[in-house]
Amino acid sequence: MARFGIVVFPGTWSDRDSYNAVHDQLGQDARYIWHKEHDLQGVDCVILPGGFSYGDHLRCGAVAALSPVMAEVVEFAARGGLVIGICNGFQVLCEAHLLPGALMRNRTMEFRCQPATLRVENPDTAFTRGTGRGTLLRVPVSHGEGNYFADAETLRGLEGSGRVVFRYVDATGDATAESNPNGSLNNIAGILNQSGNVLGMMPHPERASEHLLGSADGLVIFRSIVDSAARVLAG
Amino acid sequence: MARFHADVHIELKPLVNDPAGLVIRDALRHIGFEGVAGVRAGKYLSLELQAHDRVDAEARVAEMCRKLLANPVIEDFRFEVRETAPAESIPA
Amino acid sequence: MARFHADVHIELKPLVNDPAGLVIRDALRHIGFEGVAGVRAGKYLSLELQAHDRVDAEARVAEMCRKLLANPVIEDFRFEVRETAPAESIPA
Amino acid sequence: MTAAVDPALLREVALTEPEYDQLVELMGREPTHVELGIFGAMWSEHCGYKTSKPLLKLFDSQGPRVLQGPGENAGAIDIGDGWAVVFKIESHNHPSAIEPHAGAATGVGGILRDIFTMGAFPIATLDSLRFGPLSEPRNRFLFGGVVGGIGDYGNCFGVPTVGGEIYFEDCYTENPLVNAMAVGLIRIEKLTSSRAEGPGNLVMLVGADTGRDGIHGATFASVELDAASESRRPAVQVGNPFLEKLLMEACLELIDQELVVAMQDLGAAGLTSSAVECAHKGEVGIELDVAHVSRREQGMSAYEIMLSESQERMLIVVEPGKKPGVDRIFTKYDLHADVIGRITESGRLTIREGGSIEADIPVTLLVDAVPFRHPVARAPEDRLELANRVVSPPDLPLDESFLRLLGSPNIGSRRGVFRTFDHQVQNNTVVPPGGDAALLRVKGTRRGIAVCTDGNGRYCYLDPRAGAAIAVAEAARNIVATGATPAAVTDCLNFGNPEKPEVFWELKESVVGMAQACRELELPVVSGNVSLYNDTSGVSIYPSPVVGMVGVIEEIDRRLTAAFKQEGDVILLVGETFDDLGGSEFMKVCAGVVSGRPPRLDLEIERRSHDAVLRAAAAGVLQSCHDLSDGGLAVAVAESCLLGGLGARCDAIDLTAGAAVALFSESQSRFLVSARGTEAEAFEAICADLGVPVRRIGRTGGGAIGLGRDVETSLENARVAFEGALA
Ligand SMILES: Nc1ncnc2c1ncn2[C@@H]1O[C@H](COP(=O)(O)OP(=O)(O)O)[C@@H](O)[C@H]1O
Ligand SMILES: [Mg+2]
């Protein structure tokens, strides 16, 4: 059993959905960590969930990145702890410089809540070990600012080192312009940090956690984390 | 036609609630800038446009503000226009 | 302490694509302003703050920009500071 | 200070001279300026329901599921397993006409507050919208602004926007309707009241600071507007969903830890209305000192503070001993909570500013002494004549009519709108927007709830009583089409100026029709809202009652959806088709005519058709189910096809009354279902048993939609028309 710490900033709302996925669906230990806390309670994995932390004012994730708990998350990540940032959590990770680049307004300037298909570009990560290269996952997006941007050199670095983990594709697996919901460079939906223990993704795997809700494809990501945590313990 | 650059500032009217300004003010105080008494958040647009002359450019920008850029019910706008390339350099 | 007003401008770096600017440009053209060559969308913040003097005020605002107001990955900032109430008028 | 009986001042507080005289007589003296403002607010149509109250008594609000009827911030029903669903609909029409984005956003914020004031966690919102035609730039601006505002508020707050409706008619051009409905979930025993109790208990104001938002502006009425007064004019309210979310979390923690006696949000007429409501319900007095109210601006008067409509604020009544616990929670969320007064035994609303008393009024005068208005109701001759005018169907090829209907803004796809709303957050959305009612599961149970809104202004214009009854029936049909049983109603009465005899007639007729339909379908009305004076330049909107409905499904695995599921299923039409083209979308779109009688409605037949579908759903014999409404059978078939990505061939449609009637009539009490061959028989048996007419009209499959002899369209052409309707 893995222990997940779900960070709650003012304005976070997918904390409860993340709990629903990892605790109710996968039976893992999960606890909420209020942003003012300094104790990560010995968790194996930190989830920075979706939402509108601080109302998304100024820049999405900018104010949350300065919260007390983020100092602990930075340290946790430096020690190799697993961190997954979903949607607003991805934005927080970029603002906290745990991941490169930035998430800009969607190309259409509109919020988009819709199904998306993700292609797994790298199955050899702590977050995707339960998948294979090219596996397609049905995971919805729900954001207004998910348009991934990085300068050319950063982008080359990400692409060249297998750190682009998920890409938006169409139903047949092609990364087309129409399948890109927000205008992200190279259809990027999720990226990894250099040491491979911090993942940021705009789509919501915690929403794709039950067939009743339309898809359970997101669970493989949390299962992979559980598996990775067990391997760390096994040494 | 000549080319102009316009700097447009759009601000909430003084009495209108400004949730963004409040969040920024509180965040600045939280990270140690206690002396921040207030923050108002606005927009700043820079436009490149063609116009016959400065008077024409200003009239156009004012109209853009009224029609699209600003929301006159809750926002005020102001702008400055400067010429970046004179008429003779640009084919009509 | 004296009171200062700061006008802070935050703009996207020139090489960063600007979805908001593009949409506004297209919308302006759509409603008849064909002469609009380009739009860049930025932020404009006005701050009221206390500081010892102008140099102190400028140092504070610069730090606020670096720490929070601008994101150095995609944005540049600039600001102007002016005194609104001199030191002697405000109890320390 | 005594207010002069200045007609301009009275106009500003919307009181007539006789009403003012009545006020003076009841008070036994002239009111102070603040008192006049308070009376004006409490005796207004908005707070006092002075025109509509006698009519609202016609609604039945009793029923075995009802836990809370009208009278609290929202109604509540028992859905089983210890859970209650709390819901209400509310209008924000006038603010949205002035500033659509902020107006619609604060409308959503207001109705969400009503839900969590009851202690419930908001689990869904819906919105019922009306605009003028999109060909007018102003209407397009209003439409874009309203949709943007709803999305901005709901998305940020973290509540899914799961449904609603949008109609376009000329009459809404300067007067859009924005009705927002919110639905919350709560354990029954946690339901909270706004009844203030216990003299000596503290009254606290929590949430946002108070600014000069949306005040009547009475103070400025008598002065010439100059540059200085312009800047002091009441400001348009801009909502803060982020703050509202924090306020909700904090308030629900208070209730969870049993720290509050009563809770009441601040809505119309701000602090005045909240304080009066709490005190009146508890039959106590309340004393407030406005000096303790945190403000956003300097120099606010007691009058402004009492009437400010700043959003995201809540009034709570707390026992003094529990204040530390309350403070701890608000500190956690970085919200400030001001003690602004206490509960008294006096039965009076007493307002101080420091040492001076600004108002002192018996609470009952503000609530029970509201001077009712009894306008004249008179049916307009020209309307009756219009309803009797029968126009024959246009001479347009039917396949062209079909595509025109699919592309009509009133019928086409709303995907471009609802994909800008987060409709999934909270992980409960089982049937998303795009079908009939939305269906949400209730975690930890096998149950679900279905929610929808409905209203058809055109029907109501032609016959308000029939149109309003149809709104109820149609909402119920939408609920039934998901497999859920309709349980209760909330309503929003959007009308023009009731001082016009024809408008008051419309209002009265609508309420009668709605009340009757609710009674016969056994649907208690547990909450609602009234919005009158929807007029622009003397022209009133169509009478536009809107019904919000909640239904319950015991086994969510038995749900139905509108999409055809696989090739070769039998398509059946439930119910009878009559020549009901009066007021139809077909006649509007293809003939440019709004006339005739709206469809006839037999509530007994309606009920039986519901029973048939629900019995079949429980037995698991249906593959899909969709209700028939605007655009009739043709549109229903197309929608089931497009949702399922499957064609259909319907060769066995009864064409005896003419193809236009068969395809486009909007006869009531009908459903379109599909079933596997063997199960179709079981369904027919159920229908036969209940005496519900049913007819096999075709089969699913292929890449085209074929209807009778006259319509044959590729699925792709249908999709292009449907998806482009709002472009
Ligand atoms: N059309 C209606 N039908 C039934 N109940 C209504 C109607 N209009 C208002 N009510 C009820 O009257 C009470 C007061 O309504 P309102 O003033 O709109 O509430 P709030 O102050 O919470 O905004 C509420 O309980 C509401 O449900
Ligand atoms: Mg209320």
Side-chain angles (χ1 to χ4, degrees), chain B residues 1-12 14 18 20-52 56-57 59-70 75-79 84-85 90 92, chain C residues 1-12 14 18 20-52 56-57 59-70 75-79 84-85 90 92:
Chain B
M1 297 293 249
R3 283 210 196 100
F4 293 85
H5 177 99
D7 279 323
V8 181
H9 287 83
I10 299 157
E11 289 173 272
L12 284 172
D18 177 12
L22 295 177
V23 162
I24 298 169
R25 181 199 65 190
D26 292 348
L28 286 171
R29 288 181 182 168
H30 260 288
I31 60 173
F33 298 101
E34 285 90 6
V36 177
V39 177
R40 298 287 286 179
K43 283 174 233 156
Y44 164 63
L45 302 172
S46 50
L47 272 64
E48 309 299 330
L49 72 155
Q50 296 199 0
H52 296 295
D56 179 38
R60 286 178 196 224
V61 175
E63 206 188 332
M64 292 179 204
C65 287
R66 277 191 301 267
K67 279 201 173 160
L68 182 78
L69 303 179
E75 292 172 331
D76 293 325
F77 63 86
R78 63 192 156 85
F79 59 86
T84 50
I90 302 165
Chain C
M1 299 291 252
R3 284 210 194 103
F4 293 85
H5 177 99
D7 278 323
V8 180
H9 287 84
I10 300 156
E11 287 174 272
L12 288 172
D18 173 12
L22 292 175
V23 167
I24 295 170
R25 184 199 63 189
D26 292 347
L28 284 171
R29 288 184 182 167
H30 188 75
I31 60 170
F33 296 100
E34 286 89 9
V36 177
V39 177
R40 302 284 289 176
K43 283 172 219 154
Y44 164 62
L45 302 174
S46 50
L47 273 64
E48 309 299 328
L49 72 155
Q50 295 200 0
H52 295 295
D56 179 38
R60 286 179 197 222
V61 175
E63 208 189 331
M64 291 178 204
C65 288
R66 277 192 301 269
K67 279 201 174 161
L68 177 68
L69 302 181
E75 293 170 328
D76 294 323
F77 63 86
R78 64 194 156 85
F79 60 85
T84 51
I90 301 166

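Numbers restart at 1 for each chain; the letters A, B, ... are given by sequence-line order, proteins then strands.
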Is there side-chain contact between C/Val36 and B/Met64, with at least one heavy-atom pair below 4.5 Å? yes
B/Arg40 CZ to C/His5 NE2 distance, which is reported to the nearest 0.5 Å: 11.5 Å
What part of C/Glu63 lies closer than 4.5 angstrom to a heavy atom of chain B: side chain, backbone, both or neither? both
Over all heavy atoms of both residues, which pair between B/Ala27 and C/Leu68 is shortest? Give the atoms and the distance, please. CB-CD2, 3.8 Å
One option among B/Gly35, B/Ala37, B/Ser46, B/Gly32 has the most heavy-atom pairs under 4.5 Å with chain C, and it is B/Ser46
Separation between CD of B/Glu11 and OH of C/Tyr44, rounded to the nearest 0.5 Å: 4.0 Å
I want to check something: taking the side chain as every heavy atom from C-beta on, are B/Leu69 and C/Leu28 in contact at a cut-off of under 4.5 Å? yes
